[in-house]
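Worksheet: the structure to be examined is printed underneath.
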Amino acid sequence: MQATSDQPPFLSLENYDNLEQIRSKFPPLANINIDRNFNNLKDSRFFIIRTQGEDNVHRAMKYGIWTSSSRKNERLDEAFKNKKEDVYLFFTEINSMCFSGMAKLNSEFNSKAHFKYWLIENKWFGTFQIQWLYVKDLPFKLFEEIKQIQRLEGSEETLKSVYDLIDCTELTIENGIKMAKIFQVEKTNKNLFEEFPQLDKLEYESRQQRTNNIRFEKKFQELSSVFESIPFSFSVASYERKKTSRKAQGTYYHSQYAQQYYSQQPFQQYYQQPFVGYQFQQTPQYWQFNNGFYQNQHQQNQYHNNNNNDTQVFNKYQQSNEKYQNQYNNYPNQQQQLNLNSQQLQQTSTQEDNQNVQNVPLEQRFQVNCHQLQKRGKLDKNRNKNNKDDVQYIEKNSMEAPVQKN
């Protein structure tokens with residue numbers, strides 16, 4: 001992690017009309033726009049670099065550094081480590097309608113060297129060292145005929161001009177050589193140096209604001225320390241989402257916890273796995289700082305409470321068991337008594353029915369039956385086919401029960 005004293009000092013000129021003064025003032029621009037012969041371009045590698053604004057290119061030209069997102073830095077680092085010849089970068093700004101320069105990659109990625117004064121604060125970390133070869137504004141019309149297939153995951157292949165390719169796209173060797181020859185041959189007086197006085201003022205203001213800002217310095221140290229542990233998979237946006245989603249459950253995001261949390265394996269995909277470091281988060285802090293004293297005391301209390309609960313449960317179970325055992329032993333006697341009572345009731349009921357029937361005369365019994373038949377014959381049931389429970393009673397024609405004559 002770089003301190004403020006390790007940042008490059010602020011450099012500027014009152015006037016950027018003299019190219020020799022620019023070469024002598026800024027070492028990364030010492031050999032710009034001179035006649036040179038490229039050797040072995042067939043073994044070189046070429047990349048398109050698209051930036052959000054002129055401010056970042058302005059810093060890259062003055063201090064000879066560059067960085068991008070983690071994935072793109074990994075791609076450039078791999079190209080430099082496995083190169084046969086040089087690695088070249090063609091710079092363009094979004095909505096500029098021109099390429100502003102060509103540079104050569106001079107080092108692999110340094111994840112511990114950070115520049116604080118890019119356009120957006122606390123977004124890009126780590127640096128490459130670059131040397132500028134050409135600084136000139138070449139319009140897109142000169143590159144119109146150079147086309148390349150853009151291959152993206154999850155989409156179809158499309159044929160595009162080189163100035164429409166996305167950031168950090170590697171060019172084919174043929175297209176890279178064509179672009180290098182155009183930078184070598186074309187001559188123009190238009191370049192980004194015309195905007196340098198205004199860009200210097202903006203850089204100076206940002207330096208003053210960020211150098212004297214304690215909040216910025218604290219945030220910069222936090223993010224840079226995490227970035228150094230995972231330089232090719234770190235994302236500020238995903239880190240902030242992870243932090244805000246778990247902020248309510250603990251304060252382990254402080255400096256003494258951040259390194260331990262993000263150093264756990266697999267740290268490369270920490271923002272894709274929501275449960276990495278989950279056990280560490282759930283561990284109470286007073287258990288960690290007291291060498292398990294509270295943990296042992298908690299276990300002893302829990303053991304005594306469990307024993308008391310077990311004895312109470314056993315006593316209740318024993319009482320209920322005795323109760324059910326008594327009921328089981330008395331069950332046969334109760335069953336016999338119930339059978340006797342039911343038999344006696346049946347006998348008494350049958351005797352009473354027989355006596356009632358014998359006491360009623362035959363004529364009265366006949367009249368009662370006839371009266372019931374007349375009631376049943378007045379209504380008829382009609383059931384609904386769809387719903388059998390829906391029953392309607394409809395009156396029939398007057399019916400008389402047949403009477404048998406003697």
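Since the structure is predicted, the reported quantities are computational estimates derived from the model, not experimental observations.
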Note, [X] side chain near [Y] side chain (heavy atom, < 4.5 Å):
{"X": "Val236", "Y": "Phe227", "answer": "no"}
{"X": "Glu121", "Y": "Lys219", "answer": "no"}
{"X": "Arg59", "Y": "Trp66", "answer": "no"}
{"X": "Leu105", "Y": "Leu89", "answer": "yes"}
{"X": "Phe193", "Y": "Glu195", "answer": "no"}
{"X": "Ile22", "Y": "Val135", "answer": "no"}
{"X": "Val87", "Y": "Phe46", "answer": "no"}
{"X": "Glu144", "Y": "Tyr163", "answer": "yes"}

Could you check whether [X] pairs with [Y] (Lys NZ or Arg NE/NH1/NH2 to Asp/Glu carboxylate O, under 4.0 Å)?
{"X": "Arg23", "Y": "Glu20", "value": "yes"}
{"X": "Lys190", "Y": "Glu194", "value": "no"}
{"X": "Lys243", "Y": "Glu222", "value": "yes"}
{"X": "Lys178", "Y": "Glu174", "value": "yes"}
{"X": "Asp86", "Y": "Arg45", "value": "no"}

Quick check against the 3.5 Å criterion: does [X] have a side-chain atom that pairs as donor or acceptor with the backbone of [Y]?
{"X": "Asn40", "Y": "Glu85", "value": "no"}
{"X": "Glu93", "Y": "Glu54", "value": "no"}
{"X": "Lys62", "Y": "Leu11", "value": "yes"}
{"X": "Thr211", "Y": "Gln208", "value": "no"}
{"X": "Asp167", "Y": "Arg50", "value": "yes"}
{"X": "Asn82", "Y": "Glu78", "value": "yes"}
{"X": "Asp77", "Y": "Asn73", "value": "no"}
{"X": "Gln184", "Y": "Asp35", "value": "no"}
{"X": "Thr67", "Y": "Gly126", "value": "yes"}

_Could you go through Glu145 and Phe143, starting from their C-alpha distance and side-chain angles, then the distance that decides it, and tell me whether this counts as side chain to side chain contact (heavy atoms under 4.5 Å, CB included)?_
CA-CA 6 Å; Glu145 296 181 357; Phe143 306 91; over 6 Å; no
Which heavy atom of [X] sits nearest to which heavy atom of [Y], and what is that distance?
{"X": "Asn106", "Y": "Ile130", "value": "ND2-C, 4.1 Å"}
{"X": "Arg36", "Y": "Leu133", "value": "NH1-O, 3.1 Å"}
{"X": "Met102", "Y": "Ala180", "value": "CE-CB, 3.9 Å"}
{"X": "Pro139", "Y": "Cys98", "value": "CA-CB, 3.9 Å"}
{"X": "Ser70", "Y": "Pro231", "value": "OG-O, 3.2 Å"}
{"X": "Arg151", "Y": "Glu157", "value": "NE-OE2, 3.3 Å"}

We want to know whether [X] and [Y] form a side-chain donor-acceptor pair, criterion being a heavy-atom distance below 3.5 angstrom.
{"X": "Asp200", "Y": "His58", "answer": "yes"}
{"X": "Glu228", "Y": "His114", "answer": "yes"}
{"X": "Lys136", "Y": "Thr188", "answer": "no"}

*Nearest 0.5 Å please: distance from the OG atom of Ser161 over to the CD1 atom of Ile146.*
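Rounded to the nearest 0.5 Å, the OG-CD1 separation comes to 9.0 Å.
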*Check against side chain to side chain contact (heavy atoms under 4.5 Å, CB included), Ser100 and Asn191*: CA-CA 7 Å; Ser100 58; Asn191 50 51; over 6 Å; no
*Where do Phe109 and Phe232 land on the ring-ring contact (aromatic ring centres under 6.0 Å, His included) test, with the steps shown first?*
CA-CA 10 Å; Phe109 187 68; Phe232 296 133; 5.7 Å; yes
With a sphere of 6.0 Å drawn around [atom1] of [X], does it hold more than 12 non-hydrogen atoms of other residues, nucleotides or ligands?
{"X": "Asn15", "atom1": "CG", "answer": "yes"}
{"X": "Lys201", "atom1": "NZ", "answer": "no"}
{"X": "Asn212", "atom1": "CG", "answer": "yes"}

_Going by ring-ring contact (aromatic ring centres under 6.0 Å, His included), Phe90 matches just one of Tyr134, Phe183, Phe47. Which one?_
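Exactly one pass, corresponding to Phe183.
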*Please report the C-alpha distance between Leu171 and Leu165 in whole Å, then the side-chain angles of each, then the deciding distance to 0.1 Å, and finally whether the side chain to side chain contact (heavy atoms under 4.5 Å, CB included) criterion is met.*
CA-CA 9 Å; Leu171 298 173; Leu165 298 174; 3.6 Å; yes
*Determine whether the aromatic ring centres of Phe99 and Phe91 lie less than 6.0 Å apart.*
no
*Before giving the answer on side chain to side chain contact (heavy atoms under 4.5 Å, CB included), spell out for Leu223 and Phe234 the whole-Å C-alpha distance, their side-chain angles and the decisive distance to 0.1 Å.*
CA-CA 9 Å; Leu223 295 176; Phe234 178 75; 4.1 Å; yes
